[in-house]
Amino acid sequence: MVETASKTTPRGWLLAGLFAATVLAGAVAAVMTLHARAATDEALPPRPTLTVEAKTIVVVPHYTARESYVGRIEPARETMPAAERAGLLVEVLVNEGDRVVAGQTLARLDLRPLELSRMRLLAERQAVDADIELAERTTERRSQLVGDGWASGQAYDDARFSVSGLAAQRAALDAQIAQIDLDVDKSAVLAPFDGRIAARMVDEGTVIAAGTALLHLQEITRPQARVGVPSDRASELNVGDPVRLAYQGRALEGRIAAITPDLDIATRTVPVLIDLPPEAKVTMGQVIRLGLDRHIEASGAWVDLTALQEAERGLWSLMTVVREDGADVIRREAVEILHVQDGRAFVRGTFADGARVVAQGGHRISAGQKVTLAGER
C-alpha cells in the first residue's frame with residue numbers, strides 16, 4: 001500500500017503569512033486604542049457630585065386616615081301645596097324658581113259657586129228670621145189668651161216649640177254659611193313656610209279634585225345633607241357634633257342634626273342628617289361629601305409621593321441619605337404604603353426614625369452614590 005504525502009505549495013505559504021500579519025496588526029492597533037482611551041479618561045475632570053434635596057421624617061406610632069362618604073343635599077322641609085276642595089283653578093301666582101314667604105298666596109280656585117251658595121243660604125236665613133219673629137209674636141198672644149181662658153195650653157205650647165224649631169233651622173243655616181266661608185278661605189293655597197318653588201304641576205283652567213298637588217315647595221333657609229355612613233362609623237357620631245363637608249371644591253362646616261336608627265337596605269349604611277350653614281349657596285339634589293377621620297394604630301412615617309419609587313412584589317422604595325466616611329451617600333430603603341392622602345403617603349419599612357429622605361428625583365440616583373445636600377428640613 002502506497003502513502004501519499006501532502007505538500008504545501010509556495011502560494012499557500014504566502015497566503016498564510018499575509019493572514020498572520022493582518023491579525024498581528026489588528027492586535028497592535030487595539031492595544032494602542034485602549035492606551036489612548038485610558039490616557040484621555042485620565043485627562044478628563046472628575047464627575048461632579050449630584051445635588052439632592054432631603055427631608056427628615058419622623059416615625060410615629062399611629063396615623064389619622066381621612067375617609068369620605070358621598071351624600072345628597074336636600075331641604076329640611078318640603079311639601080306639595082294642594083287645594084283642600086275641588087274646583088276650577090283660576091290663578092297660579094308663582095312659577096318654578098320663585099322664592100316665597102310663609103303665608104303667601106300661591107294659587108286660587110274659582111269662588112263663584114261658593115258665592116252663589118252663600119247668597120242662597122243668606123236668603124233662607126232671612127226667611128227663617130221672619131218666621132221666628134212671627135212665631136215669637138204668636139207665642140206672646142197665645143200666652144195672653146191662655147191667661148184669659150180663651151186658648152188652651154196646647155196651643156201655647158205649639159207656638160212656643162215652633163220658635164225653638166225655627167231657631168234650630170237658623171243655627172243650621174249659620175253653620176252652612178260658616179262652612180262656605182271656610183271653603184272660601186281654602187280656595188286660596190298658601191305657602192306653609194319660606195322656600196322656593198321647585199316645580200309647578202298644574203296650570204290655570206284645570207278642574208282639580210280635593211287634595212290635588214299644585215306645586216312642589218322646598219325650604220331653602222335650612223339646607224341639609226343626607227349622607228350614608230357605615231354602621232360602625234355612625235355609632236361613633238353624636239347629634240350636635242361639628243363635621244367637615246366638601247361641596248363643589250368648597251369646604252363647608254356642618255352639624256349633625258339626626259342619626260336615623262334604621263339601616264338602609266340598599267346601601268347597607270345608616271343615613272345621617274347634617275345641617276348646613278344657612279348662608280351656604282347650595283343646590284338641592286347636588287352631591288356633597290362628608291369627611292371623617294379614623295385613628296389607626298400603626299408605626300410609620302409620612303413622606304411625599306414624589307419620594308416613592310415602585311419596587312418588586314408590590315413594595316416601594318425610598319432613597320435616603322446617610323453619612324459614610326465623611327460623605328453623604330445614597331441608601332435604598334424598602335417601604336410599604338399604608339395610606340395615601342393629600343399628596344403624601346404613610347409608609348413603614350426599613351428606614352429609621354429621623355432618616356433623611358430624598359424628596360424627589362430618586363430615579364436619577366442609585367444606591368451607593370455620593371451626593372450633596374441642597375437643603376434639609
Side-chain angles (χ1 to χ4, degrees), residues 71-128 169-226 247-248 257-258 260 262 264-266 271 273 275-276 278-288:
R72 176 179 175 272
I73 297 176
E74 60 183 33
R77 291 185 296 176
E78 58 183 332
T79 186
M80 301 285 191
E84 295 185 49
R85 72 174 186 87
L88 174 65
L89 184 64
V90 295
E91 194 173 19
V92 179
L93 302 171
V94 292
N95 293 307
E96 294 183 3
D98 289 350
R99 298 189 64 166
V100 299
V101 297
Q104 180 178 337
T105 301
L106 306 177
R108 292 192 181 94
L109 299 181
D110 187 9
L111 295 177
R112 289 176 298 175
L114 296 177
E115 293 172 348
L116 293 174
S117 296
R118 194 176 193 281
M119 291 174 60
R120 177 178 55 79
L121 292 173
L122 287 175
E124 292 179 7
R125 188 179 186 281
Q126 290 178 354
V128 171
Q169 291 183 27
R170 182 174 64 183
L173 290 172
D174 289 340
Q176 293 182 50
I177 294 172
Q179 179 61 52
I180 287 181
D181 291 340
L182 181 60
D183 288 341
V184 169
D185 293 337
K186 292 179 179 179
S187 297
V189 181
L190 308 179
F193 48 76
D194 296 350
R196 176 175 291 149
I197 303 299
R200 172 173 165 170
M201 280 81 79
V202 183
D203 293 324
E204 296 86 348
T206 304
V207 178
I208 61 174
T212 300
L214 307 179
L215 305 160
H216 182 191
L217 176 63
Q218 294 179 336
E219 186 179 27
I220 58 175
T221 56
R222 290 195 304 137
Q224 283 187 335
R226 181 182 294 269
Y247 172 73
Q248 294 185 344
T260 61
D262 299 327
D264 189 322
I265 300 301
L273 298 179
D275 286 332
L276 302 180
E279 66 278 4
K281 295 181 179 180
V282 296
T283 302
M284 301 303 168
Q286 277 284 8
V287 173
I288 194 167

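- The one candidate from Gln224, Glu219, Gln218 that meets the side chain to side chain donor-acceptor pair (under 3.5 Å) condition with Arg77 is Glu219.
- Exactly one of Val92, Val94, Ile208 qualifies for a side-chain contact (heavy atoms from CB on, under 4.5 Å) with Leu214. That residue is Ile208.
- Rounded to the nearest 0.5 angstrom, Gln179 CD and Leu114 CG are separated by 9.5 Å.
- Looking at Tyr247 and Ile73, their side chains come closer than 4.5 Å, going by heavy atoms from C-beta outward.
- The residue from Arg120, Gln126, Glu124 that alone fulfils the side-chain contact (heavy atoms from CB on, under 4.5 Å) condition with Leu173 is Glu124.
- Residues Ala266 and Asp264 approach most closely at N-OD1, 2.9 Å, considering heavy atoms.
- For residues 187-203, the set of pairs meeting the side-chain hydrogen bond (donor to acceptor under 3.5 Å, both in side chains) definition, not counting sequence neighbours, comprises Arg85-Ser187, Asn95-Arg200, Arg200-Asp203, Arg200-Glu204.
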All N/O donor-acceptor pairs, side-chain side in residues 100-109, below 3.5 Å, sequence neighbours left out:
| unit_1 | atom_1 | unit_2 | atom_2 | d |
| --- | --- | --- | --- | --- |
| Gln104 | OE1 | Val101 | N | 3.2 |
| Arg108 | NH1 | Glu91 | OE1 | 3.0 |

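- Scored by the side chain to side chain contact (heavy atoms under 4.5 Å, CB included) test, Ala213 finds Met80, Met201 as partners (sequence neighbours excluded).
- With sequence neighbours left out, the side chain to side chain contact (heavy atoms under 4.5 Å, CB included) criterion links Pro113 to Asp110.
- Going from atom CD of Glu74 over to atom CG of Leu276 covers 10.0 Å, rounded to the nearest 0.5 Å.
- Note that CG of Leu111 and CD1 of Ile180 are 11.5 Å apart. Values are rounded to the nearest 0.5 Å.
- Here Glu84 pairs with Lys186 under the side chain to side chain contact (heavy atoms under 4.5 Å, CB included) rule; sequence neighbours left out.
- For the side chain to side chain donor-acceptor pair (under 3.5 Å) test, residues two or more places apart in sequence or in another chain that qualify with Asp181 are Arg118.
- Ion pairing of Arg125 with Asp174 is present here, as a side-chain N (NZ or NE/NH1/NH2) and a carboxylate O approach within less than 4.0 Å.
- Contact between Val189 and Pro81 at its shortest, heavy atoms only, is CG1-CB, 3.8 Å.
- Looking at heavy atoms from C-beta onward, Phe193 lies in side-chain contact with Leu217 at the 4.5 angstrom threshold.
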